Structure formats: structure tokens, C-alpha cells
Amino acid sequence: MLKLAFTPRWIGGLLAVLALVTGFVLLSSWQLGASTQGRITADPAKDVVRPYSQILEPGDYLDASEVDTVVEATGSYVSGSSYLVENKLNDGTQGFWVVSLFEPVDTDTVTTSFGNSPRGIGVARAWTPVAEIPAEPEGEITIAGRIVGNDPPINSNLIATDGAEDLKVIGSANSSYLTNLWNAPLFNGILAVDSESLGDTPLTEQGTIEPTATLLEQGENLLPINAQQVTDETVDWLNIFYAVEWIVFAGFALYLWWRLLKDAVEKHKDPALYFEYEGEYWVDEATGKPYYYDPADDAYYFFDEVAPSPAHQGKP
């Protein structure tokens with residue numbers, strides 16, 4: 001078999017098959033990469049606290065590299081600005097976010113139809129299990145937490161109930177919606193607070209918020225939101241199937257070449273198994289190819305030829 005495999009014809013066929021196999025393997029690798037293309041992994045760098053101005057810019061939108069970043073800001077809450085955002089979970093318990101308007105001390109001033117207003121931050125101050133709005137902390141404080149993306153605009157289920165105006169309940173935390181409620185310019189996104197302090201934000205050696213950090217008025221009905229980075233570890237199994245399929249194609253191409261080679265060798269060894277011939281045959285010493293005698297034509301033929309072989313016009 002090796003002698004036949006090293007002939008130019010079969011070496012050329014093998015090179016063609018290897019080119020196909022290389023293409024199939026590359027396609028399989030591409031499908032494997034595509035199967036995890038949509039995965040989102042946590043970025044430790046986003047947990048390091050940085051000034052809010054590095055992430056939040058006036059009139060700018062938040063992209064994937066900015067969402068879920070932890071920032072801090074020093075300023076004050078606007079008294080009476082708080083709303084409840086319904087349908088928010090904390091360890092599986094249904095409750096509300098308390099969202100308030102926060103004005104940093106170093107923010108810019110924006111001229112609107114209502115006059116000059118400092119640009120504020122929509123802050124999710126805390127999670128609460130009860131439909132009661134706590135008073136905002138007074139004075140200058142430092143807050144720190146994770147910037148989260150805006151919720152899609154949803155109406156509250158409580159709007160149609162009696163006393164909904166007093167509850168001040170909304171269906172989603174969305175800076176575009178809140179800027180209309182407060183008649184104030186806002187940075188894009190929501191800051192979910194993990195720490196409120198009268199001084200510096202308590203930090204670890206790595207620059208992240210201390211796990212023991214608290215809210216100024218934290219209690220059983222007022223807890224930090226502790227927002228986490230959004231991750232997605234799912235795999236597209238359809239792409240995995242396609243990747244395996246390309247490997248199967250590559251294996252079949254190699255098998256097909258080997259099978260054709262094996263058949264060619266067996267034809268040389270015992271051509272009667274592959275051709276409808278029951279008579280005697282011989283092997284040509286020069287070529288190693290078997291041939292037979294056809295008395296009707298009074299000529300000798302190689303088994304893989306349809307014309308008489310000039311080299312065997314006489315008897316063997």
C-alpha cells in the first residue's frame with residue numbers, strides 16, 4: 001500500500017485532501033469562537049472606585065465598557081426628590097428601589113427652560129421592602145456605587161390605585177424619564193449606591209468598596225442594592241454542533257482518500273473481486289498491473305483499460 005501511496009497521483013490526492021481538511025478545521029475553530037462570542041465576563045477593573053466624572057459625561061451615552069463601573073461622587077441629595085421604583089428584587093424578595101436626585105459639588109450648570117440647574121445624577125439610594133419613601137440624608141455626603149444601565153420605560157402597576165400620587169411610585173429607573181419628573185438635567189445611567197459616608201469612601205487595599213460599607217440610615221427596611229456586574233456565561237450549542245460537524249467532514253475526507261487507496265491496492269492484488277471476470281489473468285512484471293486475455297478480440301487487456309494493450313498482443 002505504501003508503494004502505491006507514494007506515487008505522484010496519490011500524493012497529489014493527499015495534498016488536495018489535506019487542503020480540504022485544513023479548511024474544515026479552520027471553519028470548526030471559527031464556529032467554536034462564535035459559540036462564546038456573546039459571553040460577558042466580569043471585569044475586576046470595573047470594581048475599582050473612580051471619580052464619577054471619568055465615566056459620566058454630559059450628553060454622553062453609556063457603552064459596554066462603562067456600564068457596571070463603580071464610581072464615587074461628593075455632593076448632596078435634593079430634598080423631596082425621591083421616588084419608588086417597583087418590582088425590584090433583593091435576595092429573591094420583592095420590593096422597591098428608592099431613587100433620588102443627587103447633585104455633585106463639581107458638576108456643571110445647565111441652562112434650561114426652567115432656569116439654570118446643576119446637572120445631577122439619578123441615584124438608586126437603597127432597596128426597601130415597604131412602599132414608604134424615607135427622607136433623604138441632609139448635607140454634603142460622599143456616595144459610591146455601581147453605574148447601571150437604564151431600565152426600559154415601564155408604567156407602574158400602582159399608578160391606577162388610590163393614593164398613587166402620594167406614593168410616588170414609578171415602573172422603571174430611567175434617567176430620561178427621571179429628568180422629566182425632576183425638571184433637571186441628568187447624566188445618563190443610574191448610580192446604585194453601596195456606600196454613603198460623611199467623609200471618604202471606605203476602600204480596600206485594592207481600591208474597591210469595603211464589604212462593611214453602609215448607608216447613613218441603613219436598617220432592615222433600607223438596604224444597599226449591591227448591584228453586581230452583568231455576566232453571561234451561556235454557550236451557543238448550535239455553533240458547537242456546527243464545529244463538530246466540520247471535524248466530521250475533515251475526518252471523512254481523510255477516510256475517503258484512504259478508502260480509495262485501499263481499493264486501488266486490492267484491485268491490483270485481486271482484480272477479479274472488482275471486475276466481472278472468471279477466467280485466468282496474469283500480472284505484468286513491468287507495471288505490476290494485472291491483465292487478462294479476451295479470445296473474442298484475440299487481445300490482452302489490463303483490467304482498468306478499455307482498449308487493447310499494445311504490450312500484450314501475444315500470449316503471456
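Note that the coordinates shown come from a computational prediction; the quantities given were computed from them, not determined experimentally.
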Q) What are the two closest heavy atoms between L222 and A126, and how far apart are they? A) CD1-CB, 3.5 Å
Q | Closest non-hydrogen atom pair, A144 against T201 | A | CB-CG2, 3.6 Å
Q | Any donor-acceptor pair under 3.5 Å from T109 side chain to S117 backbone | A | no
Q) Taking atom OG of S29 and atom CD1 of I247, what is their separation to the nearest 0.5 Å? A) 9.0 Å
Q | Close side-chain approach of F187 and S175, heavy atoms under 4.5 Å | A | no
(Q) Any side-chain to backbone donor/acceptor pair from K46 onto V67? Under 3.5 Å, distance only. (A) yes
Q. In terms of heavy-atom contacts, does CD of E220 have more than 12 from other residues, nucleotides or ligands at under 6.0 Å?
A. no
Q. Just wondering, do K168 and Y83 contact through their side chains at under 4.5 Å, heavy atoms?
A. yes
Q: Flag yes if I240 and W30 sit in one hydrophobic cluster, no otherwise; membership is Ile, Leu, Val, Met, Phe, Trp, Tyr, and two members link when side-chain heavy atoms are under 4.5 Å apart.
A: no
Q.
V71 vs Q54, test: side-chain contact (heavy atoms from CB on, under 4.5 Å). Steps then yes/no.
A. CA-CA 8 Å; V71 301; Q54 292 185 7; over 6 Å; no
Q.
Minimum heavy-atom separation for T107 and P118, please, with both atom names.
A. CG2-CB, 3.8 Å
Q. Are V110 and V123 grouped together when hydrophobic residues (ILVMFWY) are joined by side-chain heavy atoms under 4.5 angstrom apart?
A. no
Q. At what distance, to the nearest 0.5 angstrom, does CH2 of W97 lie from CG of N90?
A. 10.5 Å
Q: Following the transitive rule for hydrophobic clusters with a side-chain heavy-atom cut-off under 4.5 Å over Ile, Leu, Val, Met, Phe, Trp and Tyr, establish whether L32 and V244 coincide in one cluster.
A: no
**Q.** Partner of I143 by side chain to side chain contact (heavy atoms under 4.5 Å, CB included), out of V193, L216, D194, L215
**A.** V193
Q) Is it the case that Q229 and D47 place a side-chain donor and acceptor less than 3.5 Å from each other? A) yes
Q) What is the minimum heavy-atom distance between Y52 and A73, and which atoms define it? A) CD2-CB, 3.5 Å
Q.
Counting C-beta onward and ignoring hydrogens, is there a side-chain heavy-atom pair between L62 and I55 closer than 4.5 Å?
A. yes
Q | Inter- and intrachain pairs under salt bridge (charged side-chain N to carboxylate O under 4.0 Å, His left out), touching residues 99-109, at least two apart | A | D108-R119
Q: Spell out, as yes or no, whether a donor-acceptor pair under 3.5 Å connects the side chain of N221 to the backbone of T128.
A: no
Q. To the nearest 0.5 Å, how far apart are CD in Q31 and CG in L238?
A. 8.0 Å
Q: Tell me, yes or no, whether the heavy-atom count around D91 atom CG, taken from other residues, nucleotides or ligands under 6.0 Å, exceeds 12.
A: no
Q. Below 4.5 Å, heavy atoms only, C-beta onward: do Q218 and E196 meet side chain to side chain?
A. no
Q. How many angstroms lie between atom CG of L101 and atom CG of L181, to the nearest 0.5 angstrom?
A. 11.0 Å
Q: Would you list the pairs meeting side-chain hydrogen bond (donor to acceptor under 3.5 Å, both in side chains) in which at least one residue belongs to residues 134-143, sequence neighbours left out?
A: T74-T142, S82-E136
Q) Hey, does V148 have a side-chain heavy atom less than 4.5 Å from the side chain of I225? A) no
Q. Less than 4.5 Å apart, any side-chain heavy atom of L84 and any of I170?
A. no
Q | Contact check, side chains of I141 and F102, non-hydrogen atoms, under 4.5 Å | A | yes
Q. Near N180 CG, under 6.0 Å, is it more than 12 heavy atoms from other residues, nucleotides or ligands?
A. yes
Q: Could you grab the distance from atom CG of D263 to atom CH2 of W258, nearest 0.5 Å is fine?
A: 8.5 Å
Q. If you take all heavy atoms of V99 and A173, which pair is closest and at what distance?
A. CG1-CB, 4.4 Å
**Q.** Nearest-0.5 Å distance, OG of residue S100 to CD1 of residue I121
**A.** 12.5 Å
Q. With under 30° as parallel and over 60° as perpendicular, where do the rings of W246 and F249 fit, or are they tilted in between?
A. perpendicular
Q. Quick one: do V85 and L223 end up in the same hydrophobic cluster if we chain Ile, Leu, Val, Met, Phe, Trp and Tyr together by side-chain heavy atoms under 4.5 Å apart?
A. yes
Q. Can you name the closest pair of heavy atoms from Y177 and S172 and give their distance?
A. CD2-O, 4.4 Å
(Q) Let me check something: do V130 and V98 share a hydrophobic cluster, defined by ILVMFWY side-chain heavy atoms less than 4.5 Å apart, either directly or through other members? (A) no
Q. Is any side-chain heavy atom of W127 closer than 4.5 Å to a side-chain heavy atom of N226?
A. no
Q. Do the side-chain N and O atoms of N188 and N150 include a donor-acceptor pair separated by under 3.5 angstrom?
A. yes
Q: Tell me, with the steps shown, if Y242 and D236 meet side-chain contact (heavy atoms from CB on, under 4.5 Å).
A: CA-CA 10 Å; Y242 289 150; D236 191 334; over 6 Å; no
